[in-house]
Amino acid sequence: MAVLSTNSAGSKAPQMSSNKVATGLVCLAIVLTALQYAGLLPAWLHRLPESWIPPFAVWLDAAFNFVRTDLGLEKLTRWFAEGPLQFMLDTTANLLYGKKRWPRFEQIPWSAIAASAAVLGYYLGGWRLAVLAGGTFVWTALIGQWKIAMETMSVLLVAAPLAFCIGISLGIAAWKYAWVDRAIKPILSVLQTLPFFTYLLPAVIFFKVGPTAGAVATIIYAIPPMILMTTLGLKKVSPEVVEAGKMSGCSRWQMLRHVYVPAARTEILVGVNQVIMLCLAMVVLTAFIGMPGLGAKLLAMMGSFKLGRSFEIGVTIVLLAVTLDRLSKAWVVKLPEHFEKGTPWWKRHKYLLAGLGAFVFFTVLGQFVEWFAEIGRRQSLSQGKEIDTAIKTFLAFDIVQGTTEKIRYVLNVWVLNPFRDFLLSIPTTGFILLVVAGALALGGRKSGIYAAVFFGLVALTGWWDRSVITLYSVISAVILATLIGLPIGIAAARSEKWSKRVLLICDTAQTFPSFIYLIPAIMLFGITATSVVMSILIFAMVPLVRYTVEGLRGVPPEMNEAADMSGSTRMQKLWNVQLPLALPTMAVGFNQAIMFAFFMVIIAAFIGTQDLGQELQKTLAGTDLGKNFVLGICVSLMALTFDMAIMTWAERKKRVLGL
């Protein structure tokens with residue numbers, strides 16, 4: 001007991017001092033803001049003078065130009081883009097949608113792909129997954145979107161394997177060599193928080209506009225989770241397994257191939273799942289740099305406000321995302337099959353033979369029956385115009401217009417605009433002090449120092465006001481998502497049945513490409529600030545609900561029993577037992593909601609904003625790589641500040657609670 005009390009006192013002292021310092025910083029920020037309102041604050045404390053702003057963009061442009069031209073990196077990347085990468089993309093394009101380039105392979109009939117996908121789904125997860133996999137491709141063909149879907153898939157088939165190979169190689173290197181792990185971790189942290197626009201412009205400059213640039217941006221975007229999951233899996237291999245491998249006389253290569261990698265199979269396959277989903281998300285977003293496919297068509301339809309057609313394309317993207325997610329997750333949990341010695345070859349490979357048989361049958365059938373090879377516009381079952389008419393009719397109802405107008409008015413006039421103006425009115429120094437105080441109170445001294453450095457760098461970039469507007473959208477959306485998502489999560493956690501249903505909805509919603517969330521926001525609220533916040537809110541609410549349910553369901557049964565035996569009411573048990581124990585898990589959900597919001601606020605620039613996302617979108621029209629990188633780093637630094645403080649608090653809380 002003496003040891004416990006000593007540790008407790010020792011852990012509380014730094015926290016108490018951190019809280020006192022944080023309180024002092026908040027008071028100082030309030031004083032600075034009050035002086036600003038009174039007109040007594042020096043101008044340089046309110047906003048940094050332009051003469052103080054270092055020309056980061058100019059320096060970065062000079063560095064990039066040196067690397068591009070003087071070191072000849074652009075020649076190397078262009079050779080790769082126009083040679084090996086273009087060959088791989090042309091090969092998949094020929095096979096999937098009949099792009100007439102060398103090597104001139106014949107297009108695979110849609111029915112053969114659908115049948116093969118159904119067999120694969122049955123092998124991995126039974127008849128339900130077979131219906132989902134086969135049905136997705138049947139839907140895509142019947143709705144008249146086969147060509148644009150295959151344009152997207154042709155890039156995905158190249159990008160995902162390359163991202164996997166690069167990621168697993170770097171993951172093995174990070175596991176093997178500590179200096180690689182130390183060097184790569186901060187890079188991965190930045191890459192995972194950089195807005196996607198920051199990936200696009202360098203890809204365009206070094207690899208030319210179109211599918212090659214889209215593929216490169218997609219590969220780089222999808223690599224980090226593969227590295228992290230590979231490293232995690234290899235580190236978790238039990239010493240007993242390693243010892244058994246050494247005792248059997250395995251060489252280093254054999255140990256890696258036959259011991260470590262098989263033992264880390266689950267984590268590596270989870271990384272594969274993440275690679276596939278991130279590749280699909282990014283390959284849709286590369287429509288901004290001339291990448292054809294579903295993303296480009298969706299962007300065009302949304303730009304012309306054809307919501308019916310946008311809805312159909314959105315459904316196709318969702319179905320593809322859900323199918324790929326379910327197939328890869330089923331692959332993770334499926335254990336390798338073992339057969340008795342002497343089992344015939346055809347029995348050991350019956351699903352492979354069934355898939356090949358279905359593929360050959362429908363390929364041959366497509367040669368004689370055109371409908372099984374390709375469905376044209378006349379045979380398409382698209383109802384885009386009808387859906388568009390139905391949506392416009394629904395939105396024209398007085399009750400719908402009245403409700404959306406009231407919500408839009410209240411949010412814009414009473415909440416969002418005043419909140420934005422208030423944040424912009426806070427002096428730069430006062431704002432940084434508030435952020436540092438929050439980081440200090442949550443994550444301690446280290447998080448506070450990083451917050452000061454990160455937000456100080458944001459101020460020095462000269463994009464402070466745009467950064468604050470970006471932050472205002474994120475904070476507004478996350479607060480609203482919390483107010484809506486937490487009650488839903490708490491209510492769902494009360495029963496096993498509703499927990500499963502809500503978690504299934506969350507799993508499905510997490511597979512939706514981010515573009516999808518713009519559609520309902522634009523439909524209901526038009527091109528306004530409310531639409532921006534609403535689209536972010538929908539996207540950010542998913543992890544909040546998910547981790548609230550998981551946190552509350554994960555409370556130890558004995559704690560619930562103790563609360564019941566003490567005569568606690570349901571509300572008392574929730575507030576005094578369940579929520580305190582679930583808070584560390586819920587904090588992870590809150591952190592993910594903030595990360596999702598930072599990602600989505602850049603997507604929302606398509607609606608029309610005045611934040612960093614809008615400026616990033618403008619850079620894609622030129623070659624201003626320095627400005628593009630500076631804007632991306634601003635978003636990354638703000639996101640990393642929140643991530644570090646919240647996750648440090650969650651880990652500390654887990655240790656205190658003994659979780």
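This one's a predicted model, so the numbers in the text were calculated from it and none came from an experiment.
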Trainee: Sort out for me which residue in I205, I633, L201 forms a side-chain contact (heavy atoms from CB on, under 4.5 Å) with N628.
Mentor: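 Output: one option passes, namely L201.
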Trainee: For the pair L299 and F288, evaluate side-chain contact (heavy atoms from CB on, under 4.5 Å) and give the outcome as yes or no after the intermediate values.
Mentor: CA-CA 8 Å; L299 199 61; F288 284 99; 4.0 Å; yes
Trainee: Testing the basics here: between G290 and V209, what is the closest heavy-atom pair and its distance to 0.1 Å?
Mentor: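 Heavy atoms only, the tightest pair is CA-CG1, 4.3 Å.
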Trainee: Just by distance, do the side chain of S18 and the backbone of G444 share a donor-acceptor pair under 3.5 Å?
Mentor: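 Not at all, since once roles are kept as given, no pair shorter than 3.5 Å links the two residues.
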Trainee: Once you round to the nearest 0.5 Å, how far does OG1 of T266 lie from NZ of K236?
Mentor: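 The OG1 atom of T266 sits 8.5 Å away from the NZ atom of K236.
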Trainee: Counting distance only, does the side-chain N/O of T212 pair as donor-acceptor with the main-chain N or O of F207 below 3.5 Å?
Mentor: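 Between the backbone of F207 and the side chain of T212 there is a qualifying donor-acceptor contact (under 3.5 Å).
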Trainee: Check step by step if side-chain hydrogen bond (donor to acceptor under 3.5 Å, both in side chains) holds for N417 and N412.
Mentor: CA-CA 6 Å; N417 290 343; N412 276 347; 5.2 Å; no
Trainee: Taking A639's backbone N and O only, do any of them form a donor-acceptor pair with D643's side chain (distance below 3.5 Å, no angle check)?
Mentor: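 No; zero donor-acceptor contacts below 3.5 Å.
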Trainee: Please step through side-chain contact (heavy atoms from CB on, under 4.5 Å) for the pair D624 and K618, ending with a clear verdict.
Mentor: CA-CA 10 Å; D624 199 351; K618 289 177 183 176; over 6 Å; no
Trainee: Quick one, L460 and F56 - any side-chain contact, counting heavy atoms below 4.5 Å?
Mentor: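 In contact.
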Trainee: Taking the side chain as everything from C-beta on, heavy atoms only, tell me whether I602 gets closer than 4.5 Å to V635.
Mentor: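 With C-beta onward as the side chain, the pair touches.
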Trainee: Show the nearest heavy-atom pair for residues V21 and L440, with the distance to one decimal.
Mentor: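 In terms of heavy atoms, the two residues are closest at CG1-CD2, 3.4 Å.
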Trainee: Any heavy-atom pair between the side chains of E615 and R466 that's under 4.5 Å?
Mentor: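 Yes. Closest side-chain heavy atoms under 4.5 Å.
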Trainee: Taking T585 for its side chain and Y547 for its backbone only, find out whether a donor-acceptor pair lies under 3.5 Å.
Mentor: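 Flag not set: sc T585 to bb Y547 has no pair under 3.5 Å.
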Trainee: Please report the closest heavy-atom contact between A215 and A159, naming both atoms and the distance.
Mentor: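 Where A215 meets A159 most closely, the heavy atoms are O-CB, 4.1 Å.
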Trainee: Given side chains that start at C-beta, do those of V474 and I536 come closer than 4.5 Å, heavy atoms only?
Mentor: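 They are not in contact (no side-chain heavy atoms under 4.5 Å apart), so the answer is no.
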Trainee: What orientation do F599 and F539 show, parallel under 30°, tilted 30 to 60°, or perpendicular over 60°?
Mentor: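 F599 vs F539 ring planes: tilted.
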Trainee: Show your working on side-chain contact (heavy atoms from CB on, under 4.5 Å) between L48 and I53 and close with a plain yes or no.
Mentor: CA-CA 7 Å; L48 292 182; I53 305 297; 4.1 Å; yes
Trainee: Using modelled atom types and a 3.5 Å cut-off, is there a donor and acceptor pairing between side-chain atoms of E267 and backbone atoms of G233?
Mentor: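 Not at all, since once roles are kept as given, no pair shorter than 3.5 Å links the two residues.
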Trainee: In the structure I gave you, are the side-chain heavy atoms of F590 and P543 within less than 4.5 Å of one another anywhere?
Mentor: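 Side chain of F590 against side chain of P543, heavy atoms only: no contact under 4.5 Å found.
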Trainee: Check the surroundings of atom CD in Q192: do more than 12 heavy atoms from other residues, nucleotides or ligands lie under 6.0 Å from it?
Mentor: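 Counting neighbours around CD of Q192, more than 12 heavy atoms of other residues, nucleotides or ligands fall under 6.0 Å, so yes.
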Trainee: For the OG1 atom of T428 and the CD atom of Q36, what is their distance to the nearest 0.5 Å?
Mentor: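 Interatomic distance, T428 OG1 to Q36 CD, rounded to 0.5 Å: 9.5 Å.
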Trainee: Please report the interatomic distance CG(L278) to CE(M226), rounded to the nearest 0.5 Å.
Mentor: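 Spacing of CG (L278) from CE (M226) equals 12.0 Å.
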Trainee: Measure the acute angle between the ring planes of W44 and W52, then classify it against the limits of 30° and 60° as parallel, tilted or perpendicular.
Mentor: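 Tilted, since the angle between the ring planes falls between 30° and 60°.
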Trainee: Is K176 salt-bridged to D181, cutoff N-O under 4.0 Å?
Mentor: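 Result for this pair is no, no salt bridge flagged.
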Trainee: Return the CZ to CD1 distance between F164 and I276, rounded to the nearest 0.5 Å.
Mentor: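 Separation between the atoms: 10.0 Å.
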Trainee: Between atom OG1 of T641 and atom CZ of F454, what is the distance when rounded to the nearest 0.5 Å?
Mentor: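 Answer for the OG1-CZ pair, T641 versus F454, is 6.0 Å.
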Trainee: So which atom in G632 and which in T198 form the shortest heavy-atom distance, rounded to 0.1 Å?
Mentor: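 Shortest heavy-atom contact: CA-OG1, 3.2 Å.
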Trainee: Would you confirm whether T429, through its side chain, and L45, through its main-chain N or O, come within 3.5 Å as a donor-acceptor pair?
Mentor: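 Checking the backbone N and O of L45 against the side chain of T429, a donor-acceptor pair under 3.5 Å is found.
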Trainee: If you take all heavy atoms of G448 and V436, which pair is closest and at what distance?
Mentor: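 Scanning both residues, the minimum pair turns out to be O-CG1, 3.7 Å.
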Trainee: For the residue pair Y221 and F196, is the inter-centroid distance of their aromatic rings smaller than 6.0 Å?
Mentor: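 No.
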Trainee: Report the C-alpha distance between R47 and D465 in whole Å, list the side-chain angles of each, state the deciding distance to 0.1 Å, and finish with yes or no for salt bridge (Lys or Arg N to Asp or Glu O under 4.0 Å).
Mentor: CA-CA 9 Å; R47 291 289 185 271; D465 284 353; 2.8 Å; yes
Trainee: Report yes if some heavy atom in the side chain of L433 is under 4.5 Å from a heavy atom in the side chain of V26; otherwise report no.
Mentor: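 L433 does not reach V26 side chain to side chain.
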Trainee: Just wondering, more than 12 heavy atoms not from R78 lying within 6.0 Å of its CZ?
Mentor: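 It does: R78 CZ has more than 12 such atoms within range.
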Trainee: Do you know the tightest heavy-atom contact between P584 and K654?
Mentor: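 Here P584 and K654 meet closest at CB-CG, 3.5 Å.
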Trainee: Does a side-chain heavy-atom distance below 4.5 Å link L228 with L232?
Mentor: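 The answer is no; the side chains never approach within 4.5 Å.
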Trainee: Would you confirm whether D61, through its side chain, and G626, through its main-chain N or O, come within 3.5 Å as a donor-acceptor pair?
Mentor: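 Yes, because the side chain of D61 sits within donor-acceptor range (under 3.5 Å) of the backbone of G626.
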Trainee: Nearest 0.5 Å, what's the NZ-OG1 distance between K235 and T230?
Mentor: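 K235 atom NZ to T230 atom OG1 measures 12.0 Å (nearest 0.5 Å).
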Trainee: Please confirm whether the backbone N or O of G171 pairs with a side-chain atom of T231, one donor and one acceptor, at under 3.5 Å?
Mentor: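 Side chain of T231 to backbone of G171, a donor-acceptor pair under 3.5 Å: yes, one is there.
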Trainee: Is any side-chain heavy atom of I594 closer than 4.5 Å to one of I646?
Mentor: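 A side-chain contact under 4.5 Å exists here.
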Trainee: Look only at the side chain of R652 and the backbone of G443, and say whether a donor-acceptor pair between them is shorter than 3.5 Å.
Mentor: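 Flag set: sc R652 to bb G443 pair under 3.5 Å.
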Trainee: Stepwise, does the side-chain contact (heavy atoms from CB on, under 4.5 Å) test hold for M638 with L612?
Mentor: CA-CA 12 Å; M638 291 190 294; L612 294 173; 4.0 Å; yes
Trainee: Could you tell me whether a side-chain N or O of Y199 sits under 3.5 Å from a main-chain N or O of L191, the two making a donor and an acceptor?
Mentor: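 Yes, Y199 side chain to L191 backbone: donor-acceptor pair under 3.5 Å.
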